[in-house]
Protein chains: 2
Amino acid sequence: MQDTKNTILDVAEDFIRRNGLNAVSYKHISDVVGIKKASIHYHFPQKKDLVNALLLRCEQTYGCEYQSIASSALSAPEKLRKIADVFKQGTVAGKVCLMGVLSSDLTSLDESSRLILEKTAEGTVATYAAIFEQGRAEGSMQFHGSDHNAAYSFFSMLIGAQIMARVKGGAEALQAASDAVIDGYLIN
Amino acid sequence: MQDTKNTILDVAEDFIRRNGLNAVSYKHISDVVGIKKASIHYHFPQKKDLVNALLLRCEQTYGCEYQSIASSALSAPEKLRKIADVFKQGTVAGKVCLMGVLSSDLTSLDESSRLILEKTAEGTVATYAAIFEQGRAEGSMQFHGSDHNAAYSFFSMLIGAQIMARVKGGAEALQAASDAVIDGYLIN
DNA sequence: GTCTATATAGAGATAGAC
DNA sequence: GTCTATCTCTATATAGAC
């Protein structure tokens with residue numbers, strides 16, 4: 001992929017994760033990239049094309065990162081802490097995860113974007129669920145209900161905490177909240 | 001307060017909780033209310049005035065509802081389930097709680113709105129924390145860390161679940177996730 | 001691939017008549 | 001308190017020159 005195209009995606013992701021989809025325009029992006037907004041339209045004719053590219057790239061990037069964590073030799077609680085740390089880094093930078101922001105602006109999304117978002121969310125919960133399954137199997141964690149429900153609530157907590165942390169508490173609050181949750185899973 | 005002013009707030013709250021602040025305009029609201037957008041400006045000169053009125057009204061409404069739950073004779077887990085049910089009702093209606101949507105659009109808010117939002121979030125967490133404290137005191141609940149951190153993570157989970165539920169899982173997923181979390185607190 | 005220029009639509013907001 | 005009319009700005013998007 002071209003360098004400009006990647007730069008556009010970088011800048012767009014940063015803006016959108018900070019401000020939300022509807023607060024970001026092609027003008028904002030092009031000003032930072034250093035080109036004219038018409039040039040953005042050359043790479044991404046419509047805004048939904050940009051959003052879809054962002055979602056797919058994010059699925060790649062974070063999907064890989066989560067997979068890498070999930071397939072490591074760590075214990076399940078350690079894996080959860082690594083995931084929480086990814087969210088914490090976002091919060092430190094004043095950003096919300098792309099899935100979180102775009103889900104908040106769900107009704108503004110094109111149907112195609114919604115489908116990608118749904119698939120990505122599904123995959124993320126599945127990856128988390130595998131970690132909860134591991135925790136139960138290796139005897140390091142206990143929790144009520146299914147792996148899936150535990151994963152869903154953990155994921156929800158991180159997204160909600162990322163959103164609320166900017167209002168009150170900051171990254172420390174997110175860290176404290178996720179630590180409290182993970183500690184609650186521990187058996188020893 | 002006048003009837004029109006309240007109707008404007010009702011419609012605005014509905015729109016904003018469904019679509020996010022930046023996706024809602026005075027035109028959208030006035031069309032549903034049945035007046036012209038200039039008339040909205042009479043009641044709320046600037047958008048921030050509308051947002052602040054919404055936040056204060058919501059703090060009243062839900063603040064009272066939470067206080068009512070908190071000061072009831074129920075056990076702590078039962079109180080948490082009642083709170084989760086309030087969020088579930090929002091999800092059933094396709095809405096996110098006002099604090100959640102506005103926090104997502106945080107950087108678009110006026111400084112005055114941010115302050116109200118911060119105060120409201122603080123109060124909400126404090127109300128929840130008192131329930132966790134009760135749970136520990138009455139011996140119905142166990143959890144790691146402080147009341148505050150447990151409350152913060154519970155609140156975050158509900159907001160995140162409300163956002164994610166629209167993408168995947170719906171109200172049943174929110175219900176299942178919050179049940180799993182609350183069940184994890186139970187001692188018996 | 002990037003530019004200038006433009007079309008079109010919608011936003012927030014104000015002035016002044018009724 | 002609501003209206004019409006208007007201002008100004010910005011949004012998405014396209015056409016066509018370079």
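Since we're looking at a predicted model, the values are computed, not measured. Note on naming: letters A, B, ... go to the chains in the order of the sequence lines (proteins, then strands), and numbering restarts at 1 for each one.
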It should be established whether B:Ser25 places a side-chain nitrogen or oxygen under 4.0 Å from OP1 or OP2 of nucleotide C:dG10.
no
Whole-Å gap separating C1' (C:dA13) and NE2 (B:His43)
16 Å
Using a cut-off of strictly less than 4.0 Å, decide whether B:His41 has a side-chain nitrogen or oxygen near OP1 or OP2 of D:dG1.
no
How far apart are the closest heavy atoms of B:Glu138 and B:Pro77, and which atoms are they?
OE2-CD, 3.9 Å
To the nearest angstrom, how far is B:Ile29 atom CD1 from C:dA13 atom C1'?
14 Å
Using modelled atom types and a 3.5 Å cut-off, is there a donor and acceptor pairing between side-chain atoms of A:Gln134 and backbone atoms of A:Leu74?
yes
Between D:dA11, C:dA13, C:dT4, which nucleotide gets closest to the side-chain atoms of B:Lys47?
C:dA13
From CG of B:Asn22 over to C1' of D:dT12, roughly how many Å is that when rounded to an integer?
16 Å
Which part of the nucleic acid, if any, lies within reach of A:Lys27 when heavy atoms closer than 4.0 Å are counted: base, sugar-phosphate only, or nothing?
sugar-phosphate
Using whole Å, report how far CG of B:Asp105 lies from C1' of C:dA11.
15 Å
Indicate, with yes or no, if A:Val92 and A:Met164 share a hydrophobic cluster defined by side-chain heavy-atom contacts under 4.5 Å among Ile, Leu, Val, Met, Phe, Trp and Tyr.
no
Please check if the number of heavy atoms outside B:Gln60 that lie under 6.0 Å from its CD is greater than 12.
no
Distance-only donor-acceptor test, B:Lys36 side-chain atoms vs D:dT4 base atoms, 3.5 Å:
no
Between D:dG1 and B:Ser39, is there an OP1 or OP2 to side-chain N/O distance shorter than 4.0 Å?
no
Can you tell me how far P of D:dT12 sits from NZ of A:Lys48, to the nearest Å?
14 Å
From the options C:dC3, D:dA11, D:dT2, select the nucleotide whose nearest atom is closest to the side chain of A:His28.
D:dA11
Check: A:Phe44 ring centre within less than 6.0 Å of A:Tyr26 ring centre:
no
Rounded to whole Å, the CG-P distance (A:Asp31 to D:dT10) equals 11 Å
Reckon B:Tyr26 touches a base, only the sugar-phosphate, or nothing at all at heavy-atom distances under 4.0 Å?
sugar-phosphate
Check: A:Lys79 side chain, A:Ala70 main-chain N or O, donor-acceptor pair, under 3.5 Å
yes
Are A:Tyr42 and C:dG1 close enough that a side-chain N or O sits under 4.0 Å from OP1 or OP2?
yes
Nucleotide nearest A:Ala38 when distance is taken to its side chain, options D:dG1, D:dA5, C:dC3:
C:dC3
Please tell me if A:Thr4 has a side-chain N or O lying less than 4.0 Å from either OP1 or OP2 of C:dT2.
yes
For D:dA13, does either OP1 or OP2 sit under 4.0 Å from a side-chain N or O belonging to A:Gln46?
yes
Between CG of A:Asp110 and P of D:dT12 the distance, given in whole Å, is 15 Å
Whole Å only: how far is the NZ atom of A:Lys37 from the C1' atom of C:dG1?
18 Å
Using a heavy-atom cut-off of under 4.0 Å over every strand shown, decide if A:Val33 touches base, sugar-phosphate, or nothing.
nothing
